[in-house]
Amino acid sequence: MEETGLLPHLFRTEYSKIIAVLCNHFGMEHIEVAEDIVSDTFLTAAELWGMKGVPENPVAWLYTVAKNKTRNHLKRHHLFEKKIAPDLRYPSADTGTDIDLSTTAIADSQLAMIFTVCHPSVSKEAQIALALNLLCGFGVQEIADAFLTNRETIYKRLKRAKEKLREEKIAIAPPTVQMVAERMEIVLTTLYLLFNEGYYSVSGHHPLKKECCMEAMRLCLLLLGNPLTHTPATNALMALMCFHASRFEARTNSKGEVILYEDQDTLLWNKDLVEKGIFYLNSSAYGNQLSKFHLEAGIAYWHTHPEDTREKWEAILQLYNKLLMLEYTPVAALNRTYALAKANSIDEAIAEAEKLQLTDNHFYFVLLGELYAQLDPEKAKTLLRTAKEVARSESDRQLIQKKIAELEEKP
């Protein structure tokens, strides 16, 4: 990885790990202390690495500096032992200053952290925002983009969530049976949103943030490694991620432009990830609860079949029907209409799509443009131009313009 891109990459992958360990050490009531120490660690890295170059082992360097800054913080604040140390997990401040950043300690801390921030006293939206911020290293703007809202809203949401955890004196602890029963759904939803932010990001100019997806998959594997959180829904979510991730290399070209599913080079699909997805999907098939992740994983599974057969699209259509009955969302309803066009007819799909009236979603106009392309090319071009106006990212606008150009070239 180039030097200029290394530190942002490490911020994404290591910031949340160190935060989790320090919060586990200090307690959630002193979360700002942990955030300040880790932020200062990366600021120091930016300054020193720019002058002296990247160290041989940059991750170990970050961990060492974070440990040293933590020790310095404890030494500078003489009131620490009197007011904070009694509340620490450790019996004394002397043992508490030994910050453990081993792989096991990080995994344990992150598992405990995700269930802590997903506490029932915090609203679901705030839980997800806080988890994305602390566990995944998301900035305020990235979270705002994921929620399709503004920075100020997310900033206030994060502030209120942290205050709530502090007021309630929520302790960081490994998940229990009761915690899993109460919070597992929101934990999985958080990882689902993280993966989606990476797979199709509207922030910046990067349509595919692979490392965000890798973080979501890593955290999901963390859940699968614990007997209490190794559930059918967790396996289904992991299957869904594997199936989508299998098309990473085929989904963008050398310029970073998105390549649509039907135009992808199937030779670039990762067969190993497909096989892993099948393994996790099979592993999810026990118990009597059907989650949205099961159904979405099933849809993603069929998309790993390159053949454009009626059987494939009929299976996808039926899965969408079940998904909408279980948990209706406009986006799922819109995606269903594409399967409807493939399995039944374009006319039926257009009728269903136009009922949705998702006029603030550029995918709505893109889909209608695709459906009308064969029936009314002029109307299709009008719809695609509208889609271009509504689109929020440059990569989307470029893709839509390419579709318009293709229609204009046809006689």
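Just so you know, these numbers come straight off a predicted model, no measurement behind them.
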> Please find the pair of heavy atoms, one from Ser121 and one from Lys164, that lie closest to each other, and give the distance.
O-CE, 3.4 Å
> Between Arg218 and Gln110, is the side-chain hydrogen bond (donor to acceptor under 3.5 Å, both in side chains) condition met? List the steps.
CA-CA 11 Å; Arg218 182 185 66 80; Gln110 287 201 303; 2.9 Å; yes
> Can you see which heavy atom on Thr116 is nearest to which on Ala112, and at what distance?
OG1-O, 2.7 Å
> Within the structure provided, determine whether Ile37 and His73 are in side-chain contact (heavy-atom separation under 4.5 Å).
yes
> As an exercise, state the distance from CG of Leu319 to CD of Glu314, rounded to the nearest 0.5 Å.
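Here the rounded value is 10.0 Å.
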> Between His305 and Tyr301, does the ring centre distance come in under 6.0 Å?
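Between His305 and Tyr301, the centre distance is under 6.0 Å.
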> Looking only at side chains, do Thr153 and Asn150 share a donor and an acceptor under 3.5 Å apart?
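Checked: Thr153/Asn150 side chains pair up, N/O donor to acceptor below 3.5 Å.
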> Counting only heavy atoms not in Glu311 (residues, nucleotides, ligands), do more than 12 fall under 6.0 Å from its CD?
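It does not: Glu311 CD has 12 such atoms or fewer within range.
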> Check whether any side-chain heavy atom of Leu356 lies under 4.5 Å from a side-chain heavy atom of Pro330, and answer yes or no.
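No, side chains not in contact.
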> Would you mind reporting whether Glu185 and Lys292 have side-chain heavy atoms less than 4.5 Å apart?
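Side chain of Lys292 against side chain of Glu185, heavy atoms only: no contact under 4.5 Å found.
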> So, Thr229 side chain and Gly225 main chain: donor-acceptor pair closer than 3.5 Å or not?
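Answer holds: no.
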> If every non-hydrogen atom of Ala387 is compared with every non-hydrogen atom of His362, which pair is closest and at what distance?
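Heavy atoms of Ala387 and His362 come nearest at O-CB, 3.4 Å.
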> Taking all heavy atoms of Thr304 and all of Ser246, pick out the closest pair and write down the distance.
CG2-OG, 4.3 Å
> Would you say the side chains of Gln127 and Arg157 form a donor-acceptor pair under 3.5 Å?
no
> Verify whether one side chain among His294 and Ser291 offers a donor that lies under 3.5 Å from an acceptor in the other.
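Yes.
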> Walk me through it: do Asp265 and Leu268 pass the test side chain to side chain contact (heavy atoms under 4.5 Å, CB included)?
CA-CA 6 Å; Asp265 181 356; Leu268 295 177; 3.9 Å; yes
> Is any side-chain heavy atom of Thr189 closer than 4.5 Å to one of Ile128?
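Yes, close enough: below the 4.5 Å cut-off.
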> Applying side chain to side chain contact (heavy atoms under 4.5 Å, CB included) to Met241 and Cys213, what does each step give before you reach the verdict?
CA-CA 8 Å; Met241 292 178 179; Cys213 298; over 6 Å; no
> Between Thr44 and Lys69, do the side chains contain an N or O donor and an N or O acceptor separated by less than 3.5 Å?
yes
> Between OG1 of Thr231 and CG of Leu188, what distance do you get to the nearest 0.5 Å?
5.5 Å
> Tell me if a side-chain donor or acceptor on Arg183 pairs with a main-chain N or O of Phe115 at a distance below 3.5 Å.
yes
> Give the minimum heavy-atom separation between Thr234 and Cys220, together with the two atoms involved.
O-SG, 3.7 Å
> Show your working on side chain to side chain contact (heavy atoms under 4.5 Å, CB included) between Val140 and Arg151 and close with a plain yes or no.
CA-CA 6 Å; Val140 173; Arg151 285 175 57 91; 4.1 Å; yes
> Find out whether the Lys NZ or Arg CZ of Arg385 is both under 6.0 angstrom from the six-membered ring centre of Phe365 and within 45° of the ring's axis.
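Pair Arg385/Phe365 does not count as cation-pi.
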> Checking ring-ring contact (aromatic ring centres under 6.0 Å, His included) against Tyr338, which of Trp313, Tyr364, Tyr261 comes through?
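Of Trp313, Tyr364, Tyr261, ring-ring contact (aromatic ring centres under 6.0 Å, His included) with Tyr338 is met by Trp313 alone.
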> I'd like to know whether the aromatic ring centres of Trp269 and His303 sit less than 6.0 Å apart in this structure.
no
> Just wondering, do Leu334 and Thr337 contact through their side chains at under 4.5 Å, heavy atoms?
yes
> Output yes when a side-chain donor or acceptor of Asn133 lies under 3.5 Å from a complementary backbone atom of Phe138, and no otherwise.
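Yes: the side chain of Asn133 pairs with the backbone of Phe138.
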> How long is the gap from OG1 on Thr70 to CG on Leu22, to the nearest 0.5 Å?
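Spacing of OG1 (Thr70) from CG (Leu22) equals 4.5 Å.
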> Going by atom types alone, do Asn235 and Ser284 pair a side-chain donor with an acceptor below 3.5 Å?
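No, because no side-chain N or O of Asn235 sits under 3.5 Å from a partner of the opposite role on Ser284.
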> Look only at the side chain of Asn282 and the backbone of Ile278, and say whether a donor-acceptor pair between them is shorter than 3.5 Å.
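At least one qualifying donor-acceptor pair exists.
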> Under a 4.0 Å threshold between the charged nitrogen and the carboxylate oxygen, would Glu167 count as salt-bridged to Arg160?
no
> Heavy-atom distance under 4.5 Å between the side chains of Glu168 and Val122, does that happen here?
no
> Apply salt bridge (Lys or Arg N to Asp or Glu O under 4.0 Å) to Lys342 and Glu262, showing your working.
CA-CA 12 Å; Lys342 289 284 191 176; Glu262 58 269 21; over 6 Å; no
> For residues Lys388 and Gln401, is any side-chain donor paired with an opposing acceptor at under 3.5 Å?
yes
> Treating Glu327 as the side-chain partner and Leu324 as the backbone partner, does any N or O pair qualify as donor plus acceptor under 3.5 Å?
no
> Test side chain to side chain contact (heavy atoms under 4.5 Å, CB included) on Tyr192 and Leu240; report intermediate values, then the result.
CA-CA 9 Å; Tyr192 175 78; Leu240 172 61; 3.7 Å; yes
> Taking atom OH as the centre, does Tyr155 end up with more than 12 heavy-atom neighbours from other residues, nucleotides or ligands that are less than 6.0 angstrom away?
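Incorrect, the count does not exceed 12.
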> Roughly how far apart are Lys381 NZ and Leu407 CG, rounded to 0.5 Å?
6.5 Å
> Between OH of Tyr199 and CZ of Arg247, what distance do you get to the nearest 0.5 Å?
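Reported to 0.5 Å precision, the distance equals 4.0 Å.
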> Rounded to the nearest 0.5 Å, what separation is found between the OG1 atom of Thr13 and the CG atom of Leu62?
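Here the interatomic distance stands at 8.5 Å.
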> Considering only NZ, NE, NH1 and NH2 on the basic side and carboxylate oxygens on the acidic side, decide whether Lys52 and Glu47 come within less than 4.0 Å.
no
> Hey, does Val366 have a side-chain heavy atom less than 4.5 Å from the side chain of Asp396?
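Side chain of Asp396 against side chain of Val366, heavy atoms only: no contact under 4.5 Å found.
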> Donor-acceptor check, side chain of Arg397 to backbone of Ala391, threshold 3.5 angstrom: yes or no?
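The answer is yes, because a donor-acceptor pair under 3.5 Å joins these two groups.
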> Answer whether the closest heavy-atom distance between the side chains of Glu56 and Trp61 falls below 4.5 Å.
no
> Kindly give the heavy-atom pair with the smallest separation between Thr190 and Cys118, and that separation in Å.
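Smallest heavy-atom distance, with atoms named: OG1-SG, 4.4 Å.
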